[in-house]
Amino acid sequence: MASVSRGLAAPSWSLRLPPAVRWVYDYLLYPIGQMLVFIIGAAVVLTLLAYLLAALVPEPRPNIILADQISRQLPGMIISGISIGFVYAMIALGYTLVYGVLKFINFAHSEIFMVGSVVGFEIMRRIADSGTLQQWNPVVLIVTVVLVSMLVSGLLAVLIERIAYRPLRGAPRLVPLISAIGISFFLIDFVRATEAITRNDFNLRYPTDQLPWLTQSVALQFGTTTVNVKPTSFIVVGGAVLTLLALNYFVNGTKLGRGIRAVAQDQTTAALMGINVNFMISLTFFVGGAFGGAAGSLFGMNVGTVTPYVGFIPGIKAFTAAVLGGIGNITGALLGGLTLGLVEAFLNGVLVYFPALGQRYTDIFAFSVLILILIFRPSGLLGERVDEKV
Amino acid sequence: MATLLELKNLHTYYGQIHALKGIDLTVNEGEIVTLVGANGAGKSTTLRTISGIVRARSGQVLFNGQDVTQMQPHDIARMGIGHVPEGRRIFPQLTVHENLEIGAWNVKSKKDIEERIEHVFQLFPRLKERITQLGGTLSGGEQQMLAIGRALMAMPRVLLLDEPSMGLAPVLVEGIFEIIQRINEQGTTILLVEQNALMALEVAQRGYVLQTGKVVLHAPARDLLADEAVRKAYLGAH
């Protein structure tokens, strides 16, 4: 059963440790260790594959030695892969949490992400318009932007569930799916109309140019190569790690998280235990939506300009990531997101050297991954089953 | 004896199927009452209607004098009706400890929860050995113990038990019935649904015989055990 199982949680034998040690192990060491293992593992595998490609096609164009190019770009590819991977992972969590509880794919989630990015823009823009942007402490500013977009996106997700999904709960599975697609279009047009009316433009530019600390690249030295990294990459990774740790604690360490897991595994029995199932479903939508909102505003700060249409591609890639990792599985969303992010970064770096191919074709590979996974391993990388005994 | 649970002319449908056709039933405080009958007679449906998982189309469920017929399942549970569902329905990916904690969902104090867990472990020492195991990895008998323990965590006034002996080895069945009696002696009223009518009538004070959604017979358990027709139809006597 794919369900919101123990997430990033430590194995249950850690229950035998003394409580304080157990807390640190369960909620800090184990999840951080798992993220590191995923990042290092995916990076190592992709590095090997890249060099294998270089061995097979040593000189894709005259005078271009692929292996040399790869060596030069490797650190940069890994860093950008990790930062985009964490964004995918955060969005993927929204799909996976909701799927885990309702066995339903919330196709409006990409637009919840988009709304998060637009809310992030609105806050930053308004602060900039009031002329106080430079006076803000960077940490306070980012935390404020991310928290408000989490709140708005979370509440939006709850509202969508209440209006568009709950009345259809007994209906065939295709019906809420279509409702989700309808909501998706509605949100795109609603945001577009609102921004067009209020700002006469729906290309929304984050005022990041006023913040040198956010836009000036940091030069990192790796051996002989220097990589320029945007500070936003660090913010994305840092923000994602913090929110993932918080999610892990929430799902595995709190009573409400336990309730969500119980509802995910068996709604009827959860109700018999006195759990208000509808409340838990709303809560799940809130948490998933909040993650989409956080990802949206971090993404917005990273790319600088967002539009009402910005949700679709990251949304569908994050969905791919969720399926890749095993939909319904929190750890799987993380693994799938990081893997997909790194694959894309590597392809971005390598494809330019092949005649007639280019970075534009990266997406073909991302979606080929989706199709291959759906054909050969629909349960995803981590979608293992714990069978119920009857 | 005060009436704790009372069903009045209860009608329940599954779509077009008329599953309960006017059930009248009372359970008094402190009793063990059993529902016996063939497959499809409506025994489980009766319990599910009491808990609110299935909506009654008409009729009333009164708990402690209060009408709970239209209440949500989680509110009914909160009032003090515990339900051990058919097939145990353990949360397979929660540990034994977590399953028990979920049973005490509406208990605020952590100290109370831990005390109740200790109480459950006194009834079922085996569960204590399995405390960190996932529910889905337990054996059938252990799952049944966990299902009963989990329901007891809420300290219900009445416990609805649906087929607690199903699929268990005969040795384990004896054990489960002993536990049911012990729980009852500790003050919990019990409404028991069983395929194993013989065992059920031996522990119960009163029994109801259900047939295609109706109560066809209702008498002290001792009398039902002695009744020739009942023996023939439900107790496998020839």
Side-chain angles (χ1 to χ4, degrees), chain A residues 1-7 9-17 19 22 25-26 100-101 170 251-282 326 328-332 382-390, chain B residues 47-48 51-54 72-108 110 113 130-144 147 150-151 153-154 156 160 162 166-167:
Chain A
M1 169 195 275
S3 66
V4 185
S5 55
R6 289 181 59 78
S12 50
W13 60 259
S14 69
L15 284 169
R16 304 218 164 101
L17 297 170
R22 191 175 97 206
Y25 179 82
D26 279 0
V101 170
V251 170
N252 294 306
T254 66
K255 182 177 172 180
L256 284 174
R258 193 157 61 231
I260 287 181
R261 283 184 289 143
V263 170
Q265 291 170 38
D266 189 336
Q267 277 187 28
T268 309
T269 308
L272 289 179
M273 301 297 122
I275 299 177
N276 184 340
V277 172
N278 278 331
F279 174 79
M280 287 296 153
I281 289 172
S282 292
N329 184 316
I330 294 174
T331 321
L382 299 182
E384 56 199 319
R385 284 164 177 273
V386 173
D387 283 321
E388 290 166 70
K389 282 189 183 155
V390 182
Chain B
L47 297 193
R48 293 164 68 84
S51 304
I53 308 172
V54 181
Q72 292 291 318
H74 63 266
D75 289 325
I76 294 175
R78 200 167 305 188
M79 291 189 68
I81 298 183
H83 189 155
V84 181
E86 191 176 355
R88 3 245 201 240
R89 305 287 284 265
I90 293 303
F91 299 108
Q93 301 198 32
L94 299 187
T95 63
V96 167
H97 193 264
E98 285 175 324
N99 265 286
L100 292 173
E101 284 176 307
I102 289 285
W105 184 255
N106 288 309
V107 182
K108 296 277 172 285
K110 281 201 162 166
I113 294 175
R130 301 272 182 269
I131 185 164
T132 61
Q133 250 175 265
L134 294 183
T137 66
L138 300 184
S139 73
E142 288 163 350
Q143 288 195 350
Q144 189 61 61
R150 184 179 64 179
M153 289 295 293
L160 315 178
D162 199 345
M166 192 172 65

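Panel note: side chain Q265(A), backbone Q93(B); a donor-acceptor pair is recorded below 3.5 Å. A donor-acceptor pair is defined here as one N or O able to donate and one able to accept, closer than 3.5 Å; no such pair exists between the side chain of K255(A) and the backbone of K108(B).
Interatomic distance, CE of M273(A) versus NE2 of H74(B), reported as 14.0 Å (0.5 Å rounding). Between atom CG of residue N278(A) and atom CD of residue Q72(B) there is a gap of 7.0 Å, rounded to the nearest 0.5 Å.
Taking 4.5 Å as the limit, some side-chain heavy atom of P85(B) sits within range of a side-chain heavy atom of L272(A).
Scanning all heavy atoms of the two residues, the minimum distance from D266(A) to F91(B) falls at O-CE2, 3.7 Å. The nearest pair of heavy atoms linking W105(B) to L256(A) is CH2-CA, 4.2 Å.
With a threshold of 4.5 angstrom between heavy atoms, V107(B) approaches chain A through N, CA, C or O but not through any side-chain atom. Of the atoms belonging to L94(B), heavy atoms from both backbone and side chain fall under 4.5 Å from chain A.
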*Should I102(B) and R258(A) be marked as a side chain to side chain contact (heavy atoms under 4.5 Å, CB included) after you check the CA-CA gap, both sets of side-chain angles, and the distance that decides it?*
CA-CA 7 Å; I102(B) 289 285; R258(A) 193 157 61 231; 3.6 Å; yes
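When each of A271(A), G259(A), A262(A) is checked for heavy-atom pairs under 4.5 Å with chain B, A262(A) comes out on top.
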